Every structure is written in structure tokens, then in C-alpha cells.
Amino acid sequence: MSEVEVTRERVEDALFRAGYWLLFAIVMLPIVVVFATSFQQGEYLTFPPEGVSLRWYAQFFASAEWLSAVRDSVVIGVGASVLSTALGVTGSLAVQRSDSTLARVLPPVILLPLLLPPVVIGLTLLIYFNRVGFGSTYLTIVIAHALWATPLVFFVMQSVFARFDWDLRDAGMDLGARPSRVFYHVVLPNVRSGVVISAVVAFIVSLQEFIMALFLKSYEVQTVPVLAWTSLQSSLTPLVSVVSAFLVGVSILGVLVSAALMNIEWLAEQL
């Protein structure tokens, strides 16, 4: 390889890295602005912030209304995560081991909720739940969020199951174990990281979702994004940045937990 080609490759590599970091900076800039303005001392939201203070964080954690919204978001997020993970894992497992026509038709059907606007799903579910006499509760929002998160879990697990050695499952079945015991003792330990990641993704999707929660909210149940939208209609204070920083922080924490669990599993395999 000539010196000119080596120089060209180095220039291309440098340009690629520069473009990558520029794109990363553009994506991260709004998050930096949110975190910076959450420590603002003034009454109104401005950037760059005027002074540094924790007063808005103190106000957030001292507010019964906001803490109630956090509780509602966590309860709904956990419920949606459990429901969508159960549906997505079992559905993906059924499709992976079946050659029927239904197995070929099911994946595009499962994808449909992601292709529909959330406002359509929220309005449809609101009309449906009101028609059957089922008022706005935790369960209604959990079902709505699970409807949106289940396709994500399904396709994540499709990728995970595609890399699984199904001869191990067949061996367990040949030895006389029931399908449930084979799944618990053979399949699940090998796909546990994928299940955990799917559950975390579903929780984050539920935590951040706003439109369907807005349609299905009630005076007793409203999530953090819905309460933030309501607060924005009256005033624009740094408290909104605190709420945004809270949501971003929880999402980052979920990703870090997933990464930590994957690394722990990798370390256990090495030992």
C-alpha cells in the first residue's frame, strides 16, 4: 500500500470520527440544555441559566402532586413492562418454533401498533373502554402502553431466539421434561439478557409515553409527562426541566442496569 493510500485512509477515518462526534454532540445538546436549566435559580426558564440552585429539585421532591405522578408512572411502567414482556416473549417463542401460516402472518400484524399514530390508539381505546364501562384506571394505561411496547419486545426476542441453539431445547424434551420446565431450566437461562433488555425497553417506552396517557388519564391517575404538559399550559418554569431531567435520568439508569446485567452474565461465563 502506497503512502498516498495510507494518508487517504487516515483522512477518511478522521472525517468519519469527526462526523460521528458532531452528530453525537447535536443529539446530546438538548439533554445538556435540559440538565443545565434544571439548576437555574431564576423564576423563568432561560438559557444560559441565571445562577445555580437546587430550589427546583427541592420543590419537585416536596410536591405531593409530582410525587404522586412519579408513583403512577412507575406503577404503570412496571405493569406495562411485565405484560408486554410476557406477551412478547411467548409470542416470539411460538413464532420461532412454528412453520404454520399463522407464524408467517403474525409478525406484520404485531407491527401494526407501531405504525399507527398514538393519538389514534389513545382515542380508540378511550372510546372502547368507555363503551364497555371500564373507566380510566392504572389498568387502562397499562394496556395502552403494553400495546405499544409488545411489538418492540417481540422483535428484540426474535433476534435473541434466532441465536439460540434449539438442540438444547429438543434434548430437554427428549428426556421427558415438560415444555414449561424446559423453558425455565434450558431456554430462559440462555436468553435472560434479552428478556431483561426487553423489559427495560418496555418500561422506558411506558415512562416516556405521553399521548395515550393524556387520553386515558383521570383525576386519580396521571403520569409525569401528562402532569408536565398540564404545568406547561400555565407557566414555563425550571420545574419543567427538572421533570425532563428526571425522565432522562431514569432512562439512562435503565440502560446502565441492562448493561451491568449483561456484563455480569458475561463475567460469570468467563469464570
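Worth knowing before you read on, the calculation uses all heavy atoms, side chains too, and leaves out hydrogens, waters and symmetry mates. All of these numbers come straight from a predicted model, not from anything done at the bench.
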### Message
Taking Val243 as the starting point, is it possible to reach Val32 by hopping between hydrophobic residues whose side chains are less than 4.5 Å apart?
### Response
no
### Query
Are side-chain heavy atoms of Val89 and Val195 found at a separation under 4.5 Å?
yes
### Task
Please answer: with hydrophobic residues joined when any side-chain heavy atoms are less than 4.5 Å apart, are Val205 and Leu111 in the same cluster?
yes
### Query
Would you say Phe61 and Val70 make side-chain contact, with heavy atoms under 4.5 Å?
no
## Note on the structure
Shortest non-hydrogen pair, His145 vs Ser206, comes out as ND1-OG, 2.8 Å
### Message
Between Phe35 and Phe24, is there shared hydrophobic-cluster membership here, with clusters defined by ILVMFWY side-chain heavy atoms closer than 4.5 Å?
### Response
yes
### Task
Compare every heavy atom of Ala202 with every heavy atom of Ser84, then report the nearest pair and how far apart it is.
OG-CB, 3.2 Å
### Distance-minimising heavy-atom pair for Ala213 and Glu209
N-OE1, 3.1 Å
### Message
Is there a path of hydrophobic side-chain contacts, each under 4.5 Å between heavy atoms, that joins Trp148 and Leu115?
### Response
yes
#### Entry: Identified side chain to side chain contact (heavy atoms under 4.5 Å, CB included) partner of Ile141 from the options Leu216, Val75, Asp72
Leu216
## Note on the structure
side chain to side chain donor-acceptor pair (under 3.5 Å) filter on Tyr57, not counting sequence neighbours, yields Ser38
### Query
Is Val119 close to Phe215 at the side-chain level, that is, under 4.5 Å between some pair of heavy atoms?
yes
### Message
Quick check: do Ile143 and Leu147 have side-chain heavy atoms less than 4.5 Å from each other?
### Response
no
Distance-only criterion, 3.5 Å: show the donor-acceptor pairs between side-chain atoms of residues 151-160 and protein atoms not counting sequence neighbours.
residue : atom : partner : partner atom : Å
Gln158  : OE1  : Ser92   : OG           : 2.9
Ser159  : OG   : Arg163  : NH1          : 3.1

### Task
Work out which heavy atom in Ser73 is nearest to a heavy atom in Val224; give both atom names and the distance.
OG-N, 2.8 Å
### Query
Under 3.5 Å, is there a donor-acceptor pair between the side chain of Ser198 and the main chain of Gly194?
yes
#### Entry: Atom of Leu247, atom of Pro225 and distance for their closest heavy-atom approach
CD1-CG, 4.2 Å
### Query
Could you give the distance from CD1 (Ile211) to CD1 (Ile121), rounded to the nearest 0.5 Å?
10.0 Å
### Query
Are Glu65 and Gln222 side-chain neighbours, meaning at least one heavy-atom pair lies under 4.5 Å?
yes
## Note on the structure
Nearest heavy-atom approach of Val142 to Ala80 is CG1-N, 3.7 Å
### Task
Assess whether atom OH of Tyr128 is packed by more than 12 heavy atoms of other residues, nucleotides or ligands within 6.0 Å.
no
### Task
Say whether Ile26 and Trp21 are linked into one hydrophobic cluster, either directly or through other cluster members, by side-chain heavy-atom distances under 4.5 angstrom.
no
